[in-house]
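To start, the structure itself, in structure tokens.
Quick note on labels: first sequence line is chain A, next is B, and so on, each numbered from 1.
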Amino acid sequence: MLMIWCPYCQELLPELEFAYAGEAHITRPEDPSALSDEEWRDFLFIRRNPRGLHYERWRHVHGCGRFFNAVRDTVTDKIIATYPAGEAPPALADLERAS
Amino acid sequence: MKRFSALSLLQGAVSAHKYWPEHWPDAEPKAEYDVVIVGGGGHGLGAAYYLAKEHGIRNVAVVEKGWLGGGNTGRNTTIIRSNYLYDESARLYDHAVDLWTGLSQELNYNVMFSERGVLMLAHSVHDVQSAQRHIHANRLNGVDNQWLTPQEAKDFCPPLDISPGARYPVLGGALQKRAGTARHDAVAWGYARAAAALGVDIIQNCPVTAIRRGPDGAVSGVETAKGFIKAKKIGVSAAGYTSVVMESAGVRLPLESYPLQALVSEPVKPVFPCVVMSNSVHAYISQSDKGELVIGSGTDQYTSYSQRGGLPLIEHTLAAICEMFPMFRRMRMLRKWGGVVDVTPDRSCILGKTPVQGLYLNCGWGTGGFKATPGAAHVLAHTIARDEPHPINAPFTLERFRDGRLVDEAAAAAVAH
């Protein structure tokens with residue numbers, strides 16, 4: 001079971017309290033009707049799906065109910081950092097040191 | 001290569017199993033092939049076999065990062081069925097079931113295909129309506145599927161608890177009689193042996209690290225742990241690792257890789273005559289010919305390349321199994337494992353050409369790729385050999401995500417499947 005640090009509640013809690021919500025830092029386009037079919041496809045469907053560090057969204061559904069972001073290694077499943085939604089992602093170099 | 005027969009099996013048995021011939025030779029890569037298949041699962045090995053057998057292309061290599069049967073081919077719960085809702089899917093999976101039926105004879109290798117029937121349970125009014133819609137759609141497509149009342153379901157599968165007070169009440173079920181199971185790793189071995197007999201090189205323990213493209217943009221070959229292999233055409237059939245392999249060719253995909261878990265119990269005498277699936281509680285169960293209960297769970301909620309998955313999920317699955325089949329409450333589980341499955345947004349596969357000349361893709365089978373093995377392999381070989389899709393896989397393009405022509409089995413089933 002993953003243990004996840006909620007950056008709002010400031011507590012380390014089991015995965016069961018959280019819901020995964022997909023890749024993070026995908027910004028909804030300001031004007032979808034101005035996009036080409038390719039750009040709209042990229043926004044809706046194309047994902048990095050990396051084997052390694054993954055920026056992803058989680059929601060503390062059985063706690064504060066808020067969305068936050070996490071960086072997780074998809075090979076070891078170790079969560080390296082969590083941070084509130086809206087914050088810039090931590091730099092990869094810092095994360096590699098932490099992992 | 002020596003053909004297996006009743007006599008050769010008897011010879012093997014009376015010689016105390018000392019003189020079994022090698023099933024296929026372990027190949028080292030040549031400098032160049034007409035076709036390189038990335039991924040030595042059932043789909044990749046099968047594609048190589050059909051390329052050699054039906055299209056006369058024998059200068060083919062299958063490059064596998066681990067060992068045959070070590071990936072998802074050997075990690076699934078071996079369920080074979082074709083009762084999918086949409087016309088496109090029904091054609092594809094029923095093509096596979098047609099090929100499963102004669103596969104042991106075709107390959108001269110016993111894949112132990114057993115048409116023991118797959119019963120999909122309905123626990124709510126919504127389930128009943130959804131199952132009956134599937135049954136009607138299947139019948140229109142010539143796919144067998146029939147409705148069973150709770151008592152008929154109990155008669156077909158005696159361990160099932162159909163009492164009105166059950167935690168998951170059984171309101172009926174959809175039975176596909178032609179569906180069943182097969183011996184999963186025998187499928188990989190059978191295809192490997194038959195392909196090698198036709199001249200295909202099977203290269204194990206050789207990860208492909210990159211796909212290389214020439215100055216004209218077409219593929220030129222693959223970088224592997226055993227050096228560069230030149231190839232005119234490349235078929236990628238790498239399941240959960242497809243995103244990683246394809247990124248090196250500059251193709252980004254609508255895929256996410258999730259762990260899918262399964263587990264087996266201690267072996268017991270025959271107690272469970274069929275396959276039972278319950279989509280709404282996410283538990284699948286059958287009994288292998290060795291006697292183990294084979295239990296399938298769902299995918300974890302997060303993407304991962306770890307072949308493990310989390311305990312909460314199988315705890316939930318086993319709780320459901322114990323409620324539906326009370327006689328299994330005292331069974332002990334022996335092993336659990338995970339496979340990395342590549343899931344598309346519409347839960348249908350991607351099988352066809354890519355924007356890169358000479359690069360062909362077979363991926364996105366999600367949690368249900370095993371059942372499609374012969375069918376997928378057969379039409380992938382056609383697509384590679386003719387450089388155009390077979391009518392059966394023509395709807396499963398990569399472009400459908402741009403054009404909005406999804407084959408939305410995700411919405412049809414409302415669960416991963």
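- Both the backbone and the side chain of A:Ile46 come within contact range of chain B, judged by heavy atoms closer than 4.5 Å.
- Of the two parts of A:Ala19, the backbone and the side chain both hold a non-hydrogen atom closer than 4.5 Å to a non-hydrogen atom of chain B.
- With a 4.5 Å cut-off on non-hydrogen atoms, B:Leu406 touches chain A through its side chain but not through its backbone.
- A:Leu2 CG to B:Tyr302 OH: the interatomic distance, rounded to the nearest 0.5 Å, is 4.0 Å.
- Only the backbone of A:Pro50 comes within contact range of chain B, with at least one heavy atom under 4.5 Å from a heavy atom of that chain.
- Proximity of B:Arg308 to A:Asp77: side-chain heavy atoms (C-beta onward) are separated by under 4.5 Å at one or more points.
- Note that CZ of A:Phe45 is 13.0 Å distant from CZ of B:Arg402, once rounded to the nearest 0.5 Å.
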Acceptor/donor pairs from residues 244-257 of chain B side chains to any protein atom, 3.5 angstrom cut, sequence neighbours excluded:
residue, atom, partner, partner atom, Å
B:Ser248, OG, B:Ile211, N, 2.9
B:Ser248, OG, B:Val245, O, 2.6
B:Glu256, OE1, B:Tyr258, OH, 3.3
B:Ser257, OG, A:Asn49, ND2, 3.0
B:Ser257, OG, B:Gly240, O, 2.7

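- Counting heavy atoms from C-beta outward, A:Tyr20 and B:Thr303 have side chains that approach closer than 4.5 Å.
- Interface summary for chain B: among A:Glu15, A:Glu56, A:Met1, A:Arg72, the most heavy-atom pairs under 4.5 angstrom belong to A:Arg72.
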* To do: Evaluate the criterion side-chain contact (heavy atoms from CB on, under 4.5 Å) for residue pair B:Ser304 and A:His54; output intermediate values, then yes/no.
  => CA-CA 9 Å; B:Ser304 177; A:His54 188 226; over 6 Å; no

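- Residues from residues 24-42 of chain A that place a non-hydrogen atom less than 4.5 Å from a non-hydrogen atom of chain B comprise A:Asp37, A:Glu38, A:Arg41, given in numerical order.
- Contact tally against chain A (heavy-atom pairs below 4.5 Å) for B:Ser243, B:Gly309, B:Gly310: the top residue is B:Ser243.
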